[in-house]
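Just so you know, ligand 1 is whichever comes first in the structure, and atom 1 is the first atom listed for that ligand. Fair warning: this is a prediction, and the values are worked out from it, not measured in the lab. For the single chain, residues carry numbers from 1 onward in sequence order.
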Amino acid sequence: MKQYFLETFGCQMNVVDSERIAALLEQIGYQPTDDAEQADLILLNTCSVRDKAERKVIGHLGRYKPLKQQRPELILGVGGCVAQQEGEDFLSRVPHLDLVFGTHNIHRLPEMLEKVERERERVHAVEFLDRETRVRLFPKRSDSDSVTRFVTVMQGCDNFCSYCIVPYVRGREVSRPSGEIIEEIRQLAENGVREVTLIGQNVNSYGLGVEGELSFAELLRRVNAVDGIERIRFTTSHPKDLSDELIDCFGELDKLCHHLQLPLQSGSDRILEKMNRGYTAGDYLARVERLKRVCPDIRLTTDLIVGFPGETEEDFAATLAVVEQVRYADAYTFLYSPRPKTAAAKLPDDTPAQVKQERFDRLLDIQNAISEQTWQSDVGGIFPVLVEGRSRQGQGQLFGRTTWNRIVNFAGPDELVGRIVPVRVTSSFRNSQLGELVDRNLLRGAG
Ligand code: SF4
């Protein structure tokens with residue numbers, strides 16, 4: 001049987017796309033391998049949102065060159081956002097590459113592979129599809145061997161934030177029909193899934209512009225009513241589309257987890273305007289204030305960009321002020337880098353790299369201290385944890401997550417997988433926590 005090796009870069013959308021790629025490859029007789037050297041097909045599913053991710057792809061392709069030289073029949077392909085961005089040029093830039101497929105062309109993979117295999121031709125497909133075809137081809141998967149699943153509810157983005165490449169490589173927004181989403185979630189629940197994360201580039205603009213479609217808040221209410229589903233999460237949210245109706249869901253829906261990823265990007269109104277974000281720091285803080293009022297224990301995480309073109313010390317201080325006021329549980333911090341085609345790439349940028357780096361380090365120090373205090377404050381507390389499986393830590397440990405999406409490792413029997421159990425957090429580390437089961441009856445049967 002032929003074997004494939006698939007590497008995934010970037011965000012959750014890419015994780016879902018990689019699942020789709022894997023399912024297609026398995027339908028045409030490939031099986032997965034963890035060893036690139038054994039593979040007949042190596043695919044990289046790429047992300048171009050961050051400059052670093054793109055450079056990583058080029059580096060990885062270089063690493064596979066000797067394999068291709070030793071075994072010319074090996075097929076090497078690149079999909080995802082970098083492939084979409086580079087298109088056919090990628091084949092000229094990387095002579096040992098056989099296949100380039102864009103974000104709207106995953107369904108064509110079997111046909112493209114056949115062409116490469118039979119005709120030994122190098123092929124590419126990066127055309128955008130029309131709205132109707134995209135709606136028809138939404139990733140669907142109702143089987144599952146895990147307790148948690150991502151469910152794609154929308155794709156693409158119409159916002160054109162000035163620094164972001166997503167609208168150019170993923171296309172415009174399309175929402176998946178709500179009836180189809182609910183049916184998939186029902187089937188997932190029947191197959192043992194207990195937690196769903198609704199994903200899309202900008203989930204809270206779900207349904208906008210589609211006549212008769214539910215709003216995102218209404219969709220959440222329908223998901224909350226699905227028997228067997230015990231937890232709901234969603235990502236990513238744009239602050240400007242975070243309606244009162246949606247915020248109020250955090251106070252109303254018993255299954256909605258008390259965590260929200262709400263990208264701030266900058267705390268300076270001047271920079272937010274240059275970023276085309278559509279909100280001010282004051283608007284953002286008003287959203288946060290309402291969230292904390294309807295759901296007092298909610299924890300927020302965020303994305304922050306340091307060193308956007310023209311950022312002054314005063315702009316940066318405004319970002320620090322919001323960070324200190326909101327007290328994010330965690331933040332994904334990035335040093336700005338221009339992305340091709342975007343409006344920000346044309347802006348003059350006169351802040352020295354060293355100044356940007358120094359700001360970045362200051363921000364990180366402040367955020368790390370807040371994160372540390374937040375997660376340490378859990379120690380001694382007892383929290384419901386949805387058990388997802390055996391922990392990589394070994395030693396008979398299970399792992400699960402709290403409502404705040406924090407991984408907790410603790411000792412317990414396999415029978416607890418898929419259940420929500422009370423766990424006392426005993427220590428907290430940078431990326432996870434250690435705990436112990438509180439209800440000792442649940443330990444019966446533990447080897
Ligand atoms: S909302 Fe802005 S940052 Fe997010 S995907 Fe759309 S354009 Fe990019």
*Calculate, to the nearest 0.5 Å, the distance between atoms NE2 and CG belonging to His259 and Leu256 respectively.*
11.5 Å
*Identify the closest protein heavy atom to atom 3 (S) of ligand 1: which residue and atom is it, and at what distance?*
Tyr163 OH, 3.4 Å
*Arg149 side-chain N/O to Leu188 backbone N/O, donor-acceptor pair under 3.5 Å*: no
*Keeping the roles fixed (side chain from Arg359, backbone from Phe316), state whether a donor-acceptor pair exists under 3.5 Å.*
no
*Steps toward salt bridge (Lys or Arg N to Asp or Glu O under 4.0 Å) verdict (Arg122, Asp98)*: CA-CA 5 Å; Arg122 305 173 77 206; Asp98 298 293; 5.4 Å; no
*Provide the tally of protein N/O/S atoms nearer than 2.8 Å to atom 2 (Fe) of ligand 1.*
1
_Donor-acceptor check, side chain of Asp378 to backbone of Ser428, threshold 3.5 angstrom: yes or no?_
no
*May I ask you to check if Arg93 and Phe90 form a cation-pi contact, with NZ or CZ under 6.0 angstrom from the six-membered ring centre and within 45° of the axis?*
yes
